[in-house]
Protein chains: 2
Amino acid sequence: AVARRPDVDALAAGVLAGDRSMLGRAITLIESRNPAHQRLSAELSLKLFPHSGKAFRIGITGVPGVGKSTFIEAFGCNLIDAGKRVAVLAVDPTSPLTGGSILGDKTRMAQLSVQENAFIRPSPSGGTLGGVTRTTRQTIVACEAAGFDVILVETVGAGQSEVAVSDMTDFFLVLMLPGAGDELQGIKKGVLEMADMLVVNKADADNEIRARQAVVHYRNALHIMQQRSPNWAPPVVMASALHNKGLDEVWAKLSEYRSKLDASGEFQEKRRKQRIKFMWATLQDRLMSDLVNHPSVKEALPTIEHDLHDGRLTVTLAVEKILGLFRG
Amino acid sequence: AVARRPDVDALAAGVLAGDRSMLGRAITLIESRNPAHQRLSAELSLKLFPHSGKAFRIGITGVPGVGKSTFIEAFGCNLIDAGKRVAVLAVDPTSPLTGGSILGDKTRMAQLSVQENAFIRPSPSGGTLGGVTRTTRQTIVACEAAGFDVILVETVGAGQSEVAVSDMTDFFLVLMLPGAGDELQGIKKGVLEMADMLVVNKADADNEIRARQAVVHYRNALHIMQQRSPNWAPPVVMASALHNKGLDEVWAKLSEYRSKLDASGEFQEKRRKQRIKFMWATLQDRLMSDLVNHPSVKEALPTIEHDLHDGRLTVTLAVEKILGLFRG
């Protein structure tokens with residue numbers, strides 16, 4: 001829980017010193033919906049922002065059952081063994097209002113969570129996708145300021161959350177199941193279009209043939225899609241997170257991506273565009289939330305929606321009425 | 001072109017009398033971006049609204065080359081022969097800023113455009129998707145007030161415009177090419193999920209076997225997808241618009257849909273939900289357009305975006321700055 005009067009200077013100093021418990025408290029402040037805390041959180045973000053930007057931000061998605069937790073745990077432990085500091089965040093707007101999120105739950109990643117160079121943070125519970133997006137972006141900044149150099153942002157395959165994660169990360173990794181054909185149905189085609197790499201997970205003994213089939217299948221599928229970057233064709237690799245197989249290749253591809261796109265300037269340009277896009281999305285969120293929280297609008301909305309529903313009001317009139325109330 | 005002082009009462013009377021030239025002038029007023037015209041257009045819409053709602057609104061999409069114009073012309077002529085009055089509108093936010101749109105061009109539909117009971121209106125040129133959506137919705141109301149009982153709203157397969165058209169119509173028809181497999185790549189999977197019926201067009205002599213394959217393929221594909229209505233499983237039918245084959249079956253399915261969903265109350269409920277959704281989208285558009293057109297915001301935006309792009313400004317600060325200017 002947030003202390004009664006969080007001291008922004010102390011929090012910032014703690015985060016910058018790499019103190020994980022201060023980082024945790026900073027994120028709790030970021031996630032707080034208390035308006036006073038939100039002001040402090042904005043102050044904190046301004047202090048941390050100049051120290052952010054150095055990490056490799058990697059989005060990870062995949063349908064339930066694909067082995068996301070096992071993958072993140074094994075992959076994260078490998079990175080820590082190689083001297084990196086790894087933060088795991090989650091975007092899951094479907095998580096319950098109270099209690100921790102299923103995503104990022106520390107008990108799921110027992111080995112990773114005990115590492116000194118790991119930081120695992122469950123998804124903020126409840127809230128809209130817009131809200132979760134805003135806090136996760138600020139949390140990435142805080143983790144970077146605390147010296148984490150790989151940020152894994154996990155999401156469930158639920159509609160718009162992949163788009164949100166892909167808009168806040170440098171690289172979007174999609175985990176797939178072995179077997180070809182039917183699996184395309186489990187994951188939305190739009191998600192494949194966003195992928196910078198597909199990893200066919202669970203390529204274990206019995207599954208190996210089906211995993212190879214899947215690799216061929218997805219290579220063909222990606223081949224047909226339009227390439228988004230002139231410098232990167234999304235690869236399809238095979239892995240077994242359970243047996244720590246293929247994860248080196250996954251990291252090799254990620255490093256290749258980063259060095260190629262760094263060299264061409266695309267890496268930084270992508271982040272710049274993300275910032276502009278995020279600014280517009282935030283403006284839109286703020287305006288709409290000001291509108292629906294305006295006392296007179298709030299009071300009149302149920303009647304207006306009711307009359308519109310029953311055809312006693314046209315859309316044009318309803319809009320004018322609401323804007324009139326909003327502008328006072 | 002709009003007359004200097006459009007007389008709203010005369011326009012309304014002309015439209016209600018079913019006069020096509022007055023309808024054309026009314027739509028020109030609806031499409032005008034002149035603020036004075038927009039006020040008159042809102043007045044006009046209020047007068048026409050009580051006389052709208054009776055038509056069957058059908059959205060039609062398909063990749064370029066699928067034969068949309070030929071289909072709409074043949075299908076529209078059949079409906080007119082059966083005693084209906086048919087309006088053809090288009091949503092194409094990619095259309096050039098000046099000159100007519102490629103969609104809905106009368107020269108493309110020579111046979112249909114000479115019919116007294118047909119009304120073909122090209123897509124308003126230029127403008128955002130939000131703007132085109134707003135004017136097309138008001139144009140549907142005007143066409144209904146003028147007594148047209150089938151409204152065909154055509155769109156190219158370009159990203160969000162299908163979603164917009166599906167949100168303003170009762171039925172969403174997707175035209176497909178013969179042949180199975182690869183064609184799924186040409187059309188976004190999300191579009192298939194919105195379809196209330198697939199029509200495999202160009203099922204002509206040489207193509208008939210491939211058309212049959214496509215029908216089987218798409219039936220399987222739709223079967224796997226979740227059904228959106230308890231009363232309707234989207235059918236897949238075969239047609240050759242060029243030879244006027246299969247179009248009766250298309251209309252039979254459409255009529256079956258309407259009577260089934262009318263009986264269950266879903267038809268009206270869908271329209272009610274569309275109104276509520278449209279109200280929120282309009283509110284969002286209006287707020288954002290007020291924001292970007294605010295003189296101080298307009299003046300400061302280039303610098304803010306530039307500083308944000310170069311990392312001299314955080315998103316949080318940029319948002320506060322813009323909102324501060326907007327609120328004065």
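Chain identifiers are assigned alphabetically (A, B, ...) following the order of the sequence lines, protein sequences preceding nucleic acid strands; residue numbering begins at 1 within each chain.
Separating the OG1 atom in B/T314 from the CE atom in A/M279 is a distance of 11.5 Å, to the nearest 0.5 Å. The CD atom of A/E305 sits 4.5 Å away from atom CD1 of B/I276, with the distance rounded to the nearest 0.5 Å. From A/D310, atom CG reaches atom CZ of B/R275 across 8.5 Å, with rounding to the nearest 0.5 Å.
Qualifying side chain to side chain contact (heavy atoms under 4.5 Å, CB included) partners for A/A42, counting only residues two or more places apart in sequence or in other chains: B/T316.
For B/F278, the parts lying under 4.5 angstrom from a heavy atom of chain A are both the backbone and the side chain.
Near-neighbour residues of residues 319-328 of chain A relative to chain B, defined by a heavy atom under 4.5 Å from a heavy atom of that chain, comprise A/V319, A/E320, A/I322, A/L323, A/F326, A/R327. Residues of residues 267-274 of chain A that come within less than 4.5 angstrom of chain B, heavy atom to heavy atom, are A/E269, A/R272 in numerical order. For residues 285-295 of chain B, the interface with chain A (any heavy-atom pair closer than 4.5 Å) comprises B/R286, B/L287, B/M288, B/D290, B/L291, B/V292, sorted by residue number.
When A/L313, A/I304, A/L308 are compared by the number of non-hydrogen pairs under 4.5 Å with chain B, A/L308 comes out ahead. Comparing A/T282, A/L46, A/V141 by heavy-atom pairs within less than 4.5 Å of chain B, the highest count is held by A/L46.
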